[in-house]
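Worksheet: one structure, shown below.
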Amino acid sequence: MRWIVASAWPYINAVPHLGTLIQVLSSDVYARYRRKKGDSVIFVSGSDEHGTPIEIEAIKRGVSPRELTDRMHSYVSDLFRRFGISYDNYTRTESQTHIRFVQDFYLKVYENGHIFEKETEQLYCPNDKMFLPDRFVVGTCPYCGYERAHGDQCDRCGRLLNPTDLINPRCAICGAEPVLKRTKHWFFDLPKFSEDLRRYIEENEQLPDNARSMSLSMIEDGLKPRSITRDNRWGIPAPFPGAEGKTIYVWMEAVLGYVSAVKEYFERMGRPEEFERFWRDPETKSIYFIGKDNIPFHTLIFPALLMSSEEGYVLPYNVASTEFLLYEGEKFSKRERRGIWLDEALALLPADYWRFYMVYIRPETKDANFSWDDMAAKVNDELNDTLGNLVHRVLSFIKSRYGGRVPSGKLDEESRQMLEEARKIASGIEEDLERVRLKDALKGLLEMARLGNRFFNSREPWRDIKENRARANSTVLASYNLLRAMACYMHIFMPFSAEKLWRMMGLPGEPSPLPEAFDLITGTELGDVEPLFHKVDKEELKKRLREIRERGEVLSARE
RNA sequence: AGCGGGGUGGGGCAGCCUGGUAGCCCGCCGGGCUCAUAACCCGGAGGUCGGUGGUUCAAAUCCACCCCCCGCUACCA
């Protein structure tokens, strides 16, 4: 089976925080699972680097947008690599392949008659010489009198606004008074696809309920044409006749990155024809990991765009969306330095600790909360004590009582039953992964560890070793093989630790594919054994985080 | 305001779609073990499932209304 696995493209005007990691990590777990099942997987994402906020950030720093995004792209790529994200291609919207692809794509859609132009009036800053997105106009709220209301919404009274409603409107960048100016834009005729979209959503029952209900109700309410051009300078030039000086709206081009990134990957591999095999084979399945705010883009706009190109691209098979992540009960806020940014996270703890905890609290049904108390509790009590300690007690037992060599011989009935039980838990893990219930899947791994602890306790091999060697052998052999299976599943969630465990167990290469996870191994010579995890001290971590910020040790701390 | 999600023992969550007297992890209390990172295992106390009303032999689970929290509302990305 062929799979395209993707995560939403992070907008790289700043270093991403832990909330962004949720999607990236979820998609990685899923991609790793599919590969370990033996599927053919291409896993892509990239930096979303066009648009007004980046242009402004660049002005603020006195560099060109391209210089800024060059730097950020390589910084962010490296962070993802260090988090163990196994992208086949993490690219960027400035990639030549992407730019050309987007232009060709929209020209095709244009020729197919799904794009029309329309004149509108918009606020323009004569000083910065640019049209201002609603968000970039500030002024006094006509309802509550709040003086720092934004053009789209008043942050104090919450009312939705039009930028022209504001009293005394100002450009958010320079403070000058904007003027109304006529401008022409190109629109995608989304409503035309309403019926096809409805059918698509209704027929794809694997789409999650939240995505389905939200999408169908939007169709019910009536879709509107979506503008695909902007008056930005920093972006992909719109290819339409008469659209000189216009660029493609970032959202409308970034979603096409899912296609162009695969194309780029295979071109680089020297097998361009594989691209067609992935994207045009109706059997190929694609899955997108996103936050719930992106649902309409992935269940409505993106599929409609793919339909409108008439190129036979496969529509999204699944859209795995999550709720939001809060930090100590509040929203992440860069301005108030509330949250944890990815480079800080890696300076605090190894990637696997974050991978473990982030999947553990993945906001699958409701907003989740990051708290230091909870994080320390989960890492210490579950990852370290339950899982880490099982590994250590079994391996060090083999070291001290068996000279580091796993016994060979036969498993007795009780040992076989234990492994049978583990196999059941493992198939539960796979079921959960199939249904993209990553949280439960991870808990299955802990359940295996509990099973192992229970087994080891009740069998008391430290007693048998003196009186009943054969029974002790069976206990140890079964426990060792349980660890081996666990390493295979752990590899999906915590790749670094799983590989380390594999080495400590004296096994060659990487943890095996899932179908081989329970093949019985005997007689192995262990490698060096040391604790797989250690406990964390939340006060220490918080102190360390303050230090990192005070000293500006990482980029996000200096931004 | 509209739309979507949530409100379950001290904390964190599952169950609700496919109704049958509540499950998991942590914490707490008591016990066991000593191979292990003061780790592990066993037992126990503790909730009537936001509120009200309804459907039903039976509701956390279905329906209605209400209260509270969060997110989105399509030119922020």
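Across all strands shown, A:D134 has heavy atoms under 4.0 Å from sugar-phosphate atoms exclusively, and none from any base. If you check every strand for non-hydrogen atoms under 4.0 Å, A:K331 touches sugar and phosphate atoms only.
For A:K535, the NZ atom is densely surrounded, since the number of other residues' heavy atoms within 6.0 Å is greater than 12.
Candidate nucleotides B:C40, B:C75, B:A77 were compared by shortest atom distance to the side chain of A:N457, and B:C40 ranks first. Across B:C35, B:U37, B:C75, the shortest atom-to-atom separation from the side chain of A:P531 is found for B:U37.
Searching all strands for a Watson-Crick or G-U wobble partner of B:A38 with both distances below 3.5 Å returns nothing.
Taking a centre distance below 5.5 Å and an interplanar angle below 30 degrees as the stacking criterion, A:W462 stacks against the six-membered base ring of B:C35.
Contact annotation: A:K535 reaches the phosphate of B:A39 (side-chain N/O to OP1 or OP2, under 4.0 Å). Note on A:R437: a side-chain N or O is less than 4.0 Å away from OP1 or OP2 of B:G15.
Positionally, the nearest nucleotide of RNA chain B for A:E364 lies more toward the 5' end than for the other of A:D385 and A:E364.
Between B:G54 and B:C16, the two P atoms lie 26 Å apart (nearest whole Å).
When atom types are taken as modelled, the side chain of A:H185 and the backbone of A:S227 share no donor-acceptor pair closer than 3.5 angstrom.
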